[in-house]
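Just so you know, these numbers use all the heavy atoms, side chains as well, and skip hydrogens, waters and symmetry mates.
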Amino acid sequence: CGNETDKSTVGGALATKAKGILAARAAKGKSPAAVTRAAVEEYGKPLMRVKIASRGMNQLLTLRDTRDDISTWTTTGGTTFTFRDGVLIETRGLGHDLMSSLAPSPTELAAFGQEYTHSYYVLGPNSATQRRRYGCTTASLGSEVIEIIERAHSVLHVQETCTRSEGKLTSD
């Protein structure tokens, strides 16, 4: 585990090229929303877009590494998002990071209306990890078409709602 910065390795060369493309766009004042389909096709590797409204974050991520069903994606600044089977389980570089998670499987998420437990372990004050346990359900909000960098995709809009006495989280 760790950041691959050696340009002689496949991962290091890929990360360097992706960071170069994305940094050049950022230097020109272009947001990820301004990235063209042609630029994505030229890059030729997987990209992910992350939007976190509460943090004003809207960035493209590149795939840093994979191992079995775990994949880690990174921003040009080094913030990482780690997924198991497509479900977020960790973040690094956001401040109060998600250190780990007992997350539902894709099968549990697809069982609309069924309640399950989701436990988050977040970095709190004084670098102490705090457990936050939620009761969660998912619901299908129906089919829709979304556009991602000049390409339309037919998707099923799924919303996860998680609650505990101290608050509520909603993810789409």
(message) Does anything in residues 89-121 form a disulfide bond (SG atoms under 2.5 Å apart)? List the pairs, not counting sequence neighbours.
(response) none
(message) Give me each pair satisfying disulfide bond (SG atoms under 2.5 Å apart) with a member in residues 99-137, each pair once, sequence neighbours excluded.
(response) Cys136-Cys162
(request) Run through the side-chain heavy atoms of Ile, Leu, Val, Met, Phe, Trp and Tyr, join any pair under 4.5 Å, and report what else lands in Tyr116's cluster. (result) Val87, Leu109
(request) Give, for atom CG of Leu94 and atom CE of Met57, the distance between the pair rounded to the nearest 0.5 Å. (result) 5.0 Å
(message) Nearest 0.5 Å, please: how far is OG1 in Thr161 from OH in Tyr134?
(response) 12.5 Å
(message) Could you check whether any side-chain heavy atom of Arg64 comes within less than 4.5 Å of a side-chain heavy atom of Thr80, counting everything from C-beta outward?
(response) yes
(message) Any non-hydrogen side-chain atom of His118 less than 4.5 Å from a side-chain atom of Ser101?
(response) yes
(request) Give, for atom CZ of Arg49 and atom CD1 of Ile148, the distance between the pair rounded to the nearest 0.5 Å. (result) 8.5 Å
(message) Under the rule for side-chain contact (heavy atoms from CB on, under 4.5 Å), what residues qualify as partners of Leu88, not counting sequence neighbours?
(response) Phe81, Phe83, Thr91, Leu98
(request) Kindly determine whether Asn58 and Lys51 satisfy side chain to side chain contact (heavy atoms under 4.5 Å, CB included), including the steps that lead there. (result) CA-CA 4 Å; Asn58 180 9; Lys51 292 173 76 174; 3.5 Å; yes
Under 3.5 Å, which donor-acceptor pairs do the side chains of residues 123-130 form with other protein atoms, sequence neighbours left out?
from	atom 1	to	atom 2	distance (Å)
Gln130	OE1	Arg132	NH2	3.4

(request) Measure the OG1-CD distance between Thr137 and Glu108 for me, rounded to the nearest 0.5 Å. (result) 13.0 Å
(request) Could you grab the distance from atom CD1 of Ile149 to atom CG of Leu60, nearest 0.5 Å is fine? (result) 5.5 Å
(message) Show me the pairs that pass disulfide bond (SG atoms under 2.5 Å apart) and involve residues 84-133, at least two apart or across chains.
(response) none
(request) Can you measure from CG (Asp65) to OG1 (Thr74) and round to the nearest 0.5 angstrom? (result) 9.5 Å
(message) With heavy-atom distances below 4.5 Å as the criterion, would you say the side chains of Arg131 and Ser119 are in contact?
(response) yes
(message) Taking salt bridge (charged side-chain N to carboxylate O under 4.0 Å, His left out) as the definition, give me every residue that meets it alongside Arg133, ordered by chain and number, with sequence neighbours left out.
(response) none
(request) For residues Ser143 and Leu156, report the shortest heavy-atom separation together with the two atoms involved. (result) N-CD1, 4.2 Å
(request) Following the transitive rule for hydrophobic clusters with a side-chain heavy-atom cut-off under 4.5 Å over Ile, Leu, Val, Met, Phe, Trp and Tyr, establish whether Leu169 and Ile89 coincide in one cluster. (result) no
(message) Grouping I, L, V, M, F, W and Y whenever their side-chain heavy atoms are under 4.5 Å apart, do Val155 and Leu47 come out in a common cluster?
(response) yes
(message) Filter on salt bridge (charged side-chain N to carboxylate O under 4.0 Å, His left out), then keep only pairs touching residues 69-87, sequence neighbours left out; what's left?
(response) none
(request) Could you state whether Val40 and Ile146 fall into the same hydrophobic cluster, counting links through intermediate Ile, Leu, Val, Met, Phe, Trp or Tyr residues with side-chain heavy atoms under 4.5 angstrom apart? (result) yes
(request) Applying side chain to side chain donor-acceptor pair (under 3.5 Å), name anything that partners Thr79, two or more places apart in sequence or on another chain. (result) none
(message) If hydrophobic clusters are built by linking Ile, Leu, Val, Met, Phe, Trp and Tyr wherever their side-chain heavy atoms come under 4.5 Å apart, do Ile52 and Met48 end up in the same one?
(response) yes
(message) Can you see whether Thr72 engages Thr82 through a side-chain donor-acceptor pair at a distance of less than 3.5 angstrom?
(response) yes
(request) For residues 153-164, pull every pair meeting salt bridge (charged side-chain N to carboxylate O under 4.0 Å, His left out), keeping only residues two or more places apart or in separate chains. (result) Arg164-Glu166
(message) Hydrophobic clusters here meaning ILVMFWY residues chained together by side-chain heavy-atom distances under 4.5 Å, can you tell me if Met99 and Leu102 are in one?
(response) no
(message) The criterion is side-chain contact (heavy atoms from CB on, under 4.5 Å); which residues satisfy it with Thr66, sequence neighbours excluded?
(response) Leu63, Ser71
(request) With sequence neighbours excluded, give me every side-chain hydrogen bond (donor to acceptor under 3.5 Å, both in side chains) pair touching residues 144-154. (result) Glu41-Arg151, Glu144-His157
(request) Taking the side chain as every heavy atom from C-beta outward, state whether Trp73 and Pro46 have any pair of such atoms under 4.5 Å apart. (result) yes
